[in-house]
Number of protein chains: 2
Amino acid sequence: MNVSSKPERTRLSAEDWELAALHLIAEQGVGALAVEALARQLGVTKGSFYWHFRTREALLNAALERWEQYGEREVLGQIEQITDPRKRLPELFRRVAHELQPHRVYAALLKALDHPQVVPVMARVSQRRMEFLTTAYREAGLPAQEALNRARLTYAAYVGFLQLNFTLGLPRINHEEFDAYVEHMIATLIPA
Amino acid sequence: MNVSSKPERTRLSAEDWELAALHLIAEQGVGALAVEALARQLGVTKGSFYWHFRTREALLNAALERWEQYGEREVLGQIEQITDPRKRLPELFRRVAHELQPHRVYAALLKALDHPQVVPVMARVSQRRMEFLTTAYREAGLPAQEALNRARLTYAAYVGFLQLNFTLGLPRINHEEFDAYVEHMIATLIPA
DNA sequence: CAAAAACCATACGGAAGAGTATGGATTGCC
DNA sequence: GGCAATCCATACTCTTCCGTATGGTTTTTG
């Protein structure tokens, strides 16, 4: 339940705050990112925070940038190593489906698209992922326009799934049924 | 810009507050639902509000219930009159696509799934819509399990599309391109 | 080992927003 | 017209949370 249950008696760095912030965002959303709450959770007081960061916004921006760059090399980096265009999309679907944990922050950020700070980040990230999907569909044999629309459809399905499952707890789909769903997605969305 | 630019000098009812609340939710999200802000917008003060409602939560609940019941007879009611099962799904897709206005509240509520008050409402609404889609796919010829998964996929695509277009303003898709996207959805998701 | 830098606690000030108390204004009704 | 009921304004209190000021404590370093 408690992140810092063992009293890590080392002093904190800016990175510690950013990681804690991302953790909190993933669990309770951007709106819950309050400095005093974070401080309590880290076992210190505000005095510490305002040494490392000039303001609350600064923390948010730092955390968002950290998350964006992590996702850049991790999420997309792995997939790009699958060179066979025919295996690429199914592999992508299956991996994303079974590593939902890193997508928690993304789901939380999706719900914070009114905060002006997160909009540009999400715009960049979504844009890159869309382009990735589009070229993948092209390599799978779809003509340009089809590939773009299929990418839109796929990405929308991904985003919607995150919403309907993390945040809303719809009839909590179980594991094997979930696998069946993923295979169904592959069968309907990926051209044979 | 201003909703009540003409000083409607009639006194307010609870319904007025609920409608104004829904309007505000659609534009700025649930988080922006503050009673003093609403009061300013309606040209009155808090004193009025707390006569009609016991608390801020009460207003939210009333507004949500109003929205839920409106959607019940409007959104689903119309579609159920299309008796031909083969025409049903394409018609549904096209109508939903071209009447995005009533879906603004839904999109806003989707981003507020951390508020405990909206979760049950969204759970009910989503559940009903899912069931509607599932039976529609069954009537279109899909076996039970397939129909359920296809409904999940469709609904996720719908939800994701709302997110990516209303709130995030991705490369603002234009009108004819949007129509092409809808037809692409129909072609890929609805069995021939 | 002392001085400087890094890190943190305590105690403020101030803004925003929920909710209460109370009296005044307006409207429907007899 | 006058009396209730309804509706609203004003003026508070209380809480939460951001940010500042200031001084203390721990590390680092020359």
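Heavy-atom basis, side chains included; hydrogens, waters and symmetry copies ignored. So you know, we letter chains A, B, ... as the sequences are listed, proteins then strands, and number each from 1.
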Checklist entry - Of all the nucleotides listed (dT20(D), dC8(C), dG17(C)), which has the minimum atom distance to the side chain of W51(A)? => result dC8(C)

Checklist entry - Given that W17(B) and R56(A) both sit by DNA chain D, which one's nearest nucleotide is further toward the 5' end? => result W17(B)

Item to check | Under-3.5 Å donor-acceptor pair between R11(A) side chain and dT27(D) base | outcome: no

Item to check | Candidate nucleotides dA18(C), dC18(D), dA9(C), ranked by approach to the side chain of T45(A) - the nearest | outcome: dA9(C)

Checklist entry - How long is the line joining CG of L38(A) and P of dT16(D), in whole Å? => result 18 Å

Next on the checklist: Distance check needed: dT26(C) P versus L12(B) CG, whole Å only.
Outcome noted: 15 Å

Next on the checklist: Need to verify one output field. Residue with the more 5' nearest nucleotide on DNA chain C, G47(B) or Y50(B)?
Outcome noted: Y50(B)

Next on the checklist: Among dC18(D), dA9(C), dC8(D), which nucleotide has an atom closest to any side-chain atom of V35(A)?
Outcome noted: dC18(D)

Next on the checklist: With a 4.0 Å cutoff (strictly under), does any side-chain N or O of T55(B) reach OP1 or OP2 of dG19(C)?
Outcome noted: yes

Next on the checklist: Main chain of T45(B), side chain of S48(B): is a donor-acceptor contact present, judged purely on distance under 3.5 Å?
Outcome noted: no

Next on the checklist: With a 3.5 Å distance limit and no angle check, can you tell me whether R88(A) reaches the backbone of I82(A) through a side-chain donor-acceptor pair?
Outcome noted: yes

Checklist entry - Does T134(A) offer a backbone N or O that forms a donor-acceptor pair with the side chain of R150(A) under 3.5 Å? => result no

Item to check | side-chain N/O H52(A) vs dC8(C) OP1/OP2, d < 4.0 Å | outcome: yes

Next on the checklist: Whether the side chain of N61(A) engages the backbone of A58(A) through a donor-acceptor N/O pair (distance < 3.5 Å, no angle test) should be reported.
Outcome noted: no

Checklist outcome for this item: note: R54(B), atom CZ; dG19(C), atom P; distance rounded to Å ~ 9 Å

